[in-house]
Amino acid sequence: MSSNITAMAGVKSLKDIDVTGKRVLIRVDFNVPMDTHFNISDDSRIRAALPTINYCIDHNACSITLVSHFGNPKNGYDERFSLRHIQKRLERLLQKRVEFIEDFEASKSEIASCSLERVFLVENIRFHEGEKKNDPLLARKLAEVCDVYVNDAFGTSHRKHASTYGITEFVETKVAGFLMMKEIEAFSKALEKPIRPMALVVGGSKISSKITLLTSVMEKVDKLIIGGAMSNTFLQALGHEMQGSLVEEEYLQTAKEVLEEAKRHKVKVYLPVDVVITDSIDHPVDVKVVPVQDILEGFKAVDIGPATLKLFSEAIELSNTIIWNGPMGIYEINQFSKGTYKLASAIADCYAYSIVGGGDTADAVEKAGEKENFSFISTGGGASLELLEGKILPGFEKLDRNDVKGS
Ligand code: ADP
Ligand code: 3PG
Ligand code: MG
């Protein structure tokens, strides 16, 4: 694993090249948490990209084109997933005008021919079918508007998509942004010579995209602590009746395999023993704490209970390295946020090297007022779990390297 982290740290970064007069395309991760009124609830991911964007502005790049995804739109344009909701905040943070490119295809020649210092924000790249399919046609079109490609989307660097991976085939100069470098440095500290025991805490709702990773982390972790909607699938796999809780039925077998793998590697697994249940998420009338064996018909598990919090806190206390991704419940709703916030405080109180990752988890830590008490706040959720697996993340794989002549 360590050699792969070293390999990622060996990519060229923005400071190794000259962007003066160049058209720069920066892949950023502006997939920020947002409420139903389109208020950005945590703009950390936008702020995290500022050093790279400002560096290009300060070093007289001729144009800067920002490309990001936002959420997971299924069938083309959908207002809920428009990056327009982010444009104003970005302008405010950059203190610079940002031109919104609604239709990338139609505006391609304008972006490509730019000779003035301009900043463009392209509409959600996932509105294009080709993005997630890593379609070379889309990758080539993106490459055509720039001279330099900068990947600074650490949170998306585990995806092999057209704007994070495919584009590198068609651009001569491709480097990492400052955020990518900072993230890899922080993770190499935690993963290269980890001070054990190492605890991995997982939760959240992206079960299908994260659960399979868990089978491959057993050599690196000593304790696996599972909460949030992720734990619902495990509890159901163990025979508990989860009623209306969020469970991904197709992954029950994977959950069993994760538990088997943990047993084989003597990794201790901690699952909720009690949960907060509700009759409704949006209009809760009946909310109670029950043992996981007693979830009532028509109710859903939406947070870990107090006994679980105590169990998880004690397991964490004895760890020297802690990596956390995924909230313990629907923390966006006050009534269901206690488990996540209290766990944030429990981790923050430890003397361990602690990394928290993921857009929502980082948001929750900030809301819990514990941001300053973690060793590192990563912008990557799934990406940090894949790092833990020991893989080279696709977002780093094809970038120019400092150790290869001529690149
Ligand atoms: P991150 O963004 O940190 O990687 P995820 O996106 O995987 O985390 O998950 C965050 C989401 O998980 C939050 O929106 C939260 O409301 C949701 N969540 C957590 N626990 C539950 C649960 N028990 N039921 C439904 N949703 C949950
Ligand atoms: C995230 O929020 O974890 C990243 O932006 C990646 O999003 P994705 O899981 O939809 O690819
Ligand atoms: Mg999320």
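In each ligand, atom 1 is the first atom listed, and ligand 1 is the first ligand listed.
With a heavy-atom cut-off of 4.0 Å, N325 touches ligand 1 through its side chain alone. The proximity of A301 to ligand 1, defined as any non-hydrogen pair under 4.0 Å, is limited to the backbone. Neither the backbone nor the side chain of K300 comes within 4.0 Å of ligand 1, counting heavy atoms alone. At a 4.0 Å heavy-atom cut-off, ligand 1 touches D360 through backbone and side chain alike. At a heavy-atom cutoff of 4.0 Å, ligand 2 is contacted by the side chain of R126 but not by its backbone.
Some N or O of K206 is nearer than 3.5 Å to an N or O of ligand 1, by distance alone. Inclusion of G203 in the set of residues having an N or O under 3.5 Å from an N or O of ligand 1 is not warranted.
If you check which protein heavy atom lies closest to atom 16 (O) of ligand 1, you get E332 OE1, 2.6 Å. The protein atom (non-hydrogen) at minimum distance from atom 7 (O) of ligand 1 is K210 NZ, 2.8 Å.
The closest non-hydrogen atom to atom 25 (C) of ligand 1, taken over L385, I330, V365, comes from I330. Selection from S205, G228, G329, A362 by nearest heavy atom to atom 19 (C) of ligand 1 gives G329.
Close approach of ligand 2 to K206 (heavy-atom distance below 4.0 Å) involves ligand atoms 1 (C), 2 (O), 3 (O), 7 (O), 8 (P), 9 (O), 10 (O).
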